[in-house]
Structure formats: structure tokens, C-alpha cells
Amino acid sequence: MPDRYDPKTIEPKWQRVWADEHTWEVSNEPDERPKSYVLEMLPYPSGEPHIGHLKTYSVGDAVAHFSRRHGHRVLHPMGYDAFGLPAENHAIKTGQHPRESTEASIREFQNQFREWGISIDWTREFGTHEPRVYRWTQWIFLRLLEHGLAYRKEAAVKWCPNDATVLANEQVIDGRCERCGHLVEVRQLEQWFFRITEYADRLLEDMRTIEWPPHVVTMQKNWIGRSEGAEVGFRCEELGIDYPVFTTRPDTLFGATFFVMAPEHPDVFRLNDSPEVHAYVNSALNESVEERGSEHTEKTGVPLGRTVTNPVTGEEIPMYVADYVLMEYGTGAIMAVPAHDERDFEFAKTFDLPIRRVIECGDPPCTGDGPMVNSGRFDGLDNREAYDQIVAWLESEGKGTSSVNYRLRDWLLSRQRYWGCPIPVVYCEEHGIVPVPDDQLPVELPEVEDYAPKGKSPLATAADWVNTTCPICGNPARREGDTMDTFVDSSWYFLRYCDPDNDQAPFDREVVDYWMPVDQYIGGVEHAILHLLYARFFVKALADMGYLGVQEPFARLFTQGMILRDGDKMSKSKGNVVSPQAVIDRYGADAARCYVLFLGPPNQDADWSEEGVGGVQRFLSRLWTAAVQAPAGDAEPEAEPTDLLRKAHWAIDKVTRDMEGRFAFNTAIAAVMELVNEIYRGAASGAPASHVRFAVATAASLVFPFAPHLGAEVYELMTGERVWEQPWPEADPALLASDEIQLVVQLNGKLVDRVPAPAEASREQLEEIARCSGKLAARLNGKQIMKAVVVPGKLVNFVVK
RNA sequence: GCCCGGGUGGCGGAAUUGGCGAUACGCGAUGGCCUCAAAAGCCAUUGUCCCUUUGCGGACAUGUGGGUUCGAGUCCCACCCCGGGUACCA
């Protein structure tokens, strides 16, 4: 036995045992144990893992181990989100096939995850770029197409001129491309969409059934953005057309003094074909998203010289075209109520339009509640009551209906890119869009010469591949040249893990119904909206088609914080990246894993500092030394309880409570540190050998989920057993409570003394004991005690004048 | 602007339902032991201030100002600062 803690010998030793014995593999045959599916978010393999991965998998692995030792059958798989832009950009630069660079990264990830000692069932591993996997991504696409949930339409799309590709709304940050930072333009293109909006209400509703951090739920709710209101028709008599508008404030209808259309509205030129209108619309459409978004205060627009009729007042009100109205939301036209809407107010001031208040709620523009005014027969009513009555009246007159709108848009999945999953349809002159038959899947990616996008997908340049025949008529046809958004891959990968080798179907329903839902999902909060929303949509859609039986993929979610360096995100450009490999080489995987958890509450961001790792390594080393130096004997404690024995039971209780749902790994590790400190004190003060050995074994057992190699080593040394085969320890309640407490004596809420008292003493006894405190008497100075507040088991507080 | 988080020692953080000296645990710092010496290790001290009692002494401390309470880091009101999400969504 070496006399120094040496992770370099311990860690490979146990990794070999776990690999040779297939320790973490689970079959799909249920047994009497309850199942538990623990999953960390699919990593994107680029270069080598970074410190954030270390944190994610350290959290996930701790949960997986904790769960196993509570008798659960744990599915804990791993795979790779292998399609995507970075590999393709690398290919454009270097000519290296994205598959090669991606698979090289995957090998690096595999090696490191093994060196970290993460307990993964490697038999279920896959990359989303493998044809045996994306075959089923395509299959799912075809099912969505069959059910009308995938469709194609021409749409104004966000276009990044630098990446030469379409971006989803969510890939546009402040009007710039999320990946390259280039200003985004608008283009009209035929694109594939998933009809996620059809599920908006269920996505909203079912959040009640899952245990997610409240702020993530809020973010998704805001993203879906459900608003209730009414659709009201405004008639343009000159053209004889009813223009519907959506409003959340039908109670302000009497205050609508003008009407505004979005520049993209198809009827703008029909209403007014003048050069000024054309000029305005053109300039609005050519503005970048950023320019248009930035003009919050300065409202622009052009009058259309037409009027519509306000359906409640019968007034003719003027029509405008203005860029503050968005075509994508509601009907692309609004009724403007300047007295009760800030934007309309700004516009009215700029164009000198009448502002008529209809609710007494303060100075215009005000959006609060109050009694109605200037609203005919509704005057004097509370505006909330008027709301319902006005909607009812509109409905009875056929002038409007109550209506719901969402901020959520359909999911644009087309990407003009090479390194993605091909969309499995062909275009035939006679039959239009024709799905590729299931038995011809996968539509494999062709080899191409040049990966650079040129306004269309690089796939479109692979003539042999693009030119095919129609599956229906056999005539020449063209393949779809776009690939899918990589969020499609990550929307179902967790289902494939359940049944990864199935070559008849993406997964077997029975198997998926056994493992799903994921009991604990772990990942970065940056995926709070998109990935999590898309995956929820896929599961609901697949469930509706009968392919699986759950409505929600992730029953519980934990979002971990980032690891920062000097308060900044780590990034290559800042040159402040900490490589997990370097830390592990120096301190060992156990120390690195413990440290990222010990840094602070794992759901919060934490600042990295190298010094701290040494402290955690010292703790592990002290545990190892305590084991090596432990006196010979049995680990089953007998004889009278000692402080050391009590401390061991205290630590069991503390670690267990910290881990159960609280994810307070930092305080759990601190508790084991306290136990180790007590072992040193106990050994010095001559605690019995059995207590020392029990305490060391307990520390090893408790630290195992965080530092599995050392935990296994020390536990074996103390007991000859394998710690992962042992149930999680249970604290003996008799050793948690002591018969005597230190009773706190307070005077007007301030502590004056602490006196020993029996734990079971009654209120009266406690008060009496406290009264006898000498220090209390000294402080009382003969003052009168007015009242005594007794908190049993804790304190007595005397109140004096 | 709106919606979430969060402000506690020199630093990361703890205090789980208002109740046992707030500051566990770790880092850093200081002193000691070991050593020819160093490293490592071990042990101890470490919120700030005050003192003709250096003491099992006192006062003050959880962003700021008020409040509720016998008692507030924890609850309420107002404000300041930091981080995240979102933004002409009618």
C-alpha cells in the first residue's frame, strides 16, 4: 500500500473493473426494482469536453449513483449531438469532412468521460449523425408530415448573409446571427415547418404536471405567450372589406381613433398604391431586424388615405401603415387606442391624432383598470365587466369573437446546410411533394466537394444525388436539398437510448413506456426554451400518433449554473478556458469532480479558481490517509456511542437530506469533510477501532457519488465490500438526538447564557432552568420579568421592561 | 421598460419551517510542530471595532432606509446595485 493518496493508480484501477464487469449496463427486461432514467443533455462534440461538461456529468453521475444505491434500476446513457454548424464551418475552412472531425471529437469525449469515471451504459451510445440513427429521424419527420404537423410554405425568413443560411427566430439575438454575430436580413423562401403552434395550449397546460425550476416554467410560458382577447372586424366601406384585428383590450374599443397595418400586410397597396406608400413599405422591409426593433420611441408611418368604421362608435377612423405593427402577430393590423396603449400614444402624438380616454385610470397612456367613460351605455361600469359585455355584444352583432393569440410561431426546420439530417422528400412535376417511402430510408448524405453554402444547400450541388425518380410514377424528380435543424435530432434522442439497436422502428413502444419519462434531466439553463420546448412537442406528437404513452419527456429538470473565470464566461476568444483534462492530470478525476460540485450551489454560476481544487484534493487525501492508518478491527461499531459515531450518523443524515431533491452537493461534501475532520480528532482522542473504521467506511460510502474511485477504494479497504453494491446508509435516529441540549437563555431576544438542559424537559422545567442562570441574574439588575417565551428544545427568552 | 434570480468575512459560500453566540465547509493569511532546510503533512488562530478589569469582557455587523415580532439574514414596504430572460406581441 503506498503511503500517499495517488489518484493515478486508483482511478484507472476502478475504471477497468467497471468496464470489465459491465457494471453500469442495464437490460430492458424489467425486474422488481423501480426504474430510474437519469439523463444529462446530449453533448455537442466539438474539440474536447470543457469544464461545463465536467459539471453537468458530475451532477448527473451523483444522481445516478444515489438512485442506484436506493435500489433503483438506473438507465444512464450517453451519445452525441453530432450534426451541426461548427463541424461544417471547420470543413469549409479546411476541407476536412465534417464526419471525420466530428468522430475525432467523439473519441476525445469518450476517452475523457471514461477517465472521469462517469457511470455510463456504453452499450446504448450513438451519434445523431449515424445513418442507423438519422434513418429514424427521417421516419419521424415522415410521420409528422402524414399527420399534417410538417408543412411547407413560403415565408419571410431570417437570413444570415455570412453563414448563407436561414435562421430560426431564436437563433437571432438582437438582430444578429447567434453563431457569427452578423446582421440578419429578411428573405422570402419556401421552407419546412413543424406545426408546434397546434400544441401551444397543451405545452402550456402540461407544465403543471412536471417538476421544473419555476423560472424555466416562466420562460416557457412567456415564450409561448398566450394572450386572451377578441378579434374585431373593422369595415372599410370604400373597398367593402372587413379587416379583423386582434386586441387584448376590447374594453377600450370606444377609444380606437385610428387603424394601423403592418408594412407586409398584403392589402396595403390595394388600399393605396402611391409612391410614398411604396417607398415607406420598401424601406421598412429592407430595414434589418435590428434597425426596426431599435426604434421604440420614434414612430414612423404613412397615412393610407382610407378609413374603416369603428364597429362600436360607427366613426370613420383613418388608416395608416406603420412598421410598429408586426405581420407575424395577430392579423397584421391593429386598432389603435392612444389613450390606453403606449405605442399608439407615441404614434398619435407624432401624427397629431385624437386621443380619447375611455377608462379613468390615470394620465394617458394608462393601461390600468377603472370606470368606463366616453363609452356610451358602458359608462360608469368597471372596465373588467365592460370587457365581457362588449365581447358578448360584438358576438351577438357578428362583429367579433373572443379569441386567443400566441407569441409562439411554428418551428422552421429547413437549413441550407450540408452537415445535417436530409429531409426525406422528393419533388415530382406531376405529384408535387412526395415522401420517400419508409423502406428507402435512410436518405443518406452524399459526398460533396465543397461544403460552402452559396445561397442554397451544398446538397443541391450534388447532381447525382439530387436527381432521382419519383417513388410514385418513376419519372425524374429532385430531392429536397435542405437538411434539418439539429434541434430535431435532440428532440427524440432520449427515446432512442431506450432501444438503441432497434432496426425495425425508432424504438419499441413497450420499451419506451417502461423507461420514460426521464426521471431526472440535467443541463444548462441556456436550453430552457428551445430544446426543452421542441422535445416536449415531439413527445406529445408521437404520443398522439400512438408511438408512446407519455405526454412529457422530462418529469424533473435540474438546470446547472455555468463555471466562470474571473466573473466572465470561458471562451476561446478570451483565452480563459480551463481544460478539465489539465485539472484531472494534476489532481485526479475525483478531486476535479468534487471541486466543481463544492464550488457553490450547482444551480448557480460559480467562479473557477485553481487554489480551491487543492483544498478538495487535500480532503480526499486525508480520507485516504485515515483509511490507511485506521486501526485493525471490525467496522461494525459496538460499545458506547462516541462523538465520532454520532458525527458519522449526523453526516449520513445530512448528506441524504442534501441530495434528496435539493441538489445541495456543496453542503453534502462539506458534511463529509466535517466527518473526516472528526475522524482525525477521534483517532487522536482514542475512539475505539470499530468506530474509526465505521466512520471511515461511512465517509467513503457518502463521498462515492462524487468521488467514485476513492470511495470504492477506501470502502473496500475498510470492509472488503464493493460500495456500489451496498445500499445507501441509514442514520440511526437514536444517535442523531442527544439527551441533553444546550438551552439558550435570551434577554429581550439577545443571548445571555447557554445552560445544559434535558432534551425532553417541559416548558415549565425549561423556564425554571433558564431562570437559574447566573448570567441572567447579573444582567437583570433587579428588573422585572414581564414574560417568558419558551421554544422547547431550543431557548427561553425573557422579556423585561 | 417588463419578468425572474441574487447582494452575508480578505475570497467561494453555510444558516432546509422567524428561534441554539450569524459566518458551517473550503480557500487565503498568521503562528506552532516535524525537518539541517524546504516541500508535503499535522495542530492552532483568523468578522470589525473598543477597553485604567486582555476577560468564559463590551459594542457593532447579513446592499440602504423604514416596519412587523418577545425574537428578522429569513416576513412586509420603499430604494440602490449586480446577473439572467424578454422586448413595438396589440
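Note on naming: letters A, B, ... go to the chains in the order of the sequence lines (proteins, then strands), and numbering restarts at 1 for each one.
Interface remark: the A:R226 side chain does not form any donor-acceptor pair with the B:rC89 base, using a distance-only criterion of under 3.5 Å.
Put simply, OH on A:Y5 is 18 Å from P on B:rA40, counting in whole angstrom units. Note: CZ (A:R407) to C1' (B:rC88) measures 13 Å, nearest angstrom. Atom CD of A:E610 and atom P of B:rC11 are 21 Å apart (whole Å). The CG-P distance, from A:N222 to B:rG85, rounds to 13 Å in whole Å. One can place CG of A:D658 at 12 Å from C1' of B:rC25, the figure rounded to the nearest angstrom. Between A:E678 atom CD and B:rC43 atom P the separation is 12 Å, expressed in whole Å. As rounded to whole Å, 18 Å separates atom P of B:rC89 from atom CD of A:E228. Atom CD of A:E231 is separated from atom P of B:rA90 by 14 Å (rounded to the nearest Å).
Base engagement by A:Q746 is indicated by at least one non-hydrogen atom pair under 4.0 Å involving a base atom. Using a 4.0 Å heavy-atom distance criterion, A:T625 is classed as making no nucleic acid contact. Using a 4.0 Å heavy-atom distance criterion, A:P601 is classed as a sugar-phosphate-only contact. When heavy atoms are screened at a 4.0 angstrom cut-off, A:D607 is found touching no nucleic acid atom at all. Among the protein residues, A:R657 comes within range of the nucleic acid bases, having at least one heavy atom under 4.0 Å from a base atom. At a threshold of 4.0 angstrom between heavy atoms, the contacts of A:G225 with the nucleic acid are absent. Residue-level contact check: A:D344 touches neither bases nor backbone, having no heavy atom under 4.0 Å from any strand. Residue contacts for A:K221: at a heavy-atom cut-off of 4.0 Å it reaches no nucleic acid atom on any strand shown.
A donor-acceptor pair shorter than 3.5 Å can be found between the side chains of A:Y406 and A:R226. No side-chain donor-acceptor contact under 3.5 Å links A:S227 and A:N405. The closest side-chain donor-acceptor pair between A:R407 and A:N222, if any, does not fall under 3.5 angstrom.
Here B:rG19 is the nucleotide among B:rA15, B:rA90, B:rG19 with the atom lying nearest to any side-chain atom of A:V789. When each of B:rU86, B:rG13, B:rC42 is scored by its nearest atom to the side-chain atoms of A:Y680, the top-ranked nucleotide is B:rC42.
The side chain to side chain contact (heavy atoms under 4.5 Å, CB included) test with A:T252 singles out one residue from A:V337, A:D344, A:N383, and that residue is A:V337.
A residue-by-residue look at A:A664 and A:Y406 shows that A:A664 has its nearest nucleotide of RNA chain B further toward the 5' end. Both A:E674 and A:L795 sit near RNA chain B, but only A:L795 has its closest nucleotide nearer the 5' end.
Searching all strands for a Watson-Crick or G-U wobble partner of B:rA29 with both distances below 3.5 Å returns B:rU45. Pair check for B:rG5 finds B:rC82; Watson-Crick or G-U wobble, both atom distances under 3.5 Å. The base-pairing partner of B:rU23, taking Watson-Crick or G-U wobble contacts with both distances under 3.5 Å, does not exist among the strands shown. In a base pair of the Watson-Crick type (N1 to N3 plus N6-O4 or O6-N4) or a G-U wobble (N1-O2 and O6-N3), with each distance short of 3.5 Å, B:rA39 is matched with no nucleotide. Pairing partner, B:rG71: none, since no Watson-Crick or wobble contact has both distances short of 3.5 Å. Across every strand in view, B:rU17 sits unpaired, with no contact that passes the Watson-Crick or G-U test at under 3.5 angstrom. Nucleotide B:rC89 has no partner under the Watson-Crick or G-U criteria, as no pair reaches both atom distances under 3.5 Å.
Remark: A:S621 is not in phosphate contact with B:rG41, judged by side-chain N or O atoms under 4.0 Å from OP1 or OP2. Taking 4.0 angstrom as the limit, A:R622 places a side-chain polar atom (N or O) nearer than this to OP1 or OP2 of B:rC43.
Residues A:F598 and A:F619 keep their aromatic ring centres 6.0 Å or farther apart.
The existence of a salt bridge linking A:K647 and A:D643 is excluded, since no basic side-chain nitrogen approaches an acidic carboxylate oxygen closer than 4.0 Å.
A cation-pi arrangement, defined by a distance under 6.0 Å to the six-membered ring centre and an angle within 45 degrees of its axis, is absent between A:R618 and A:W624.
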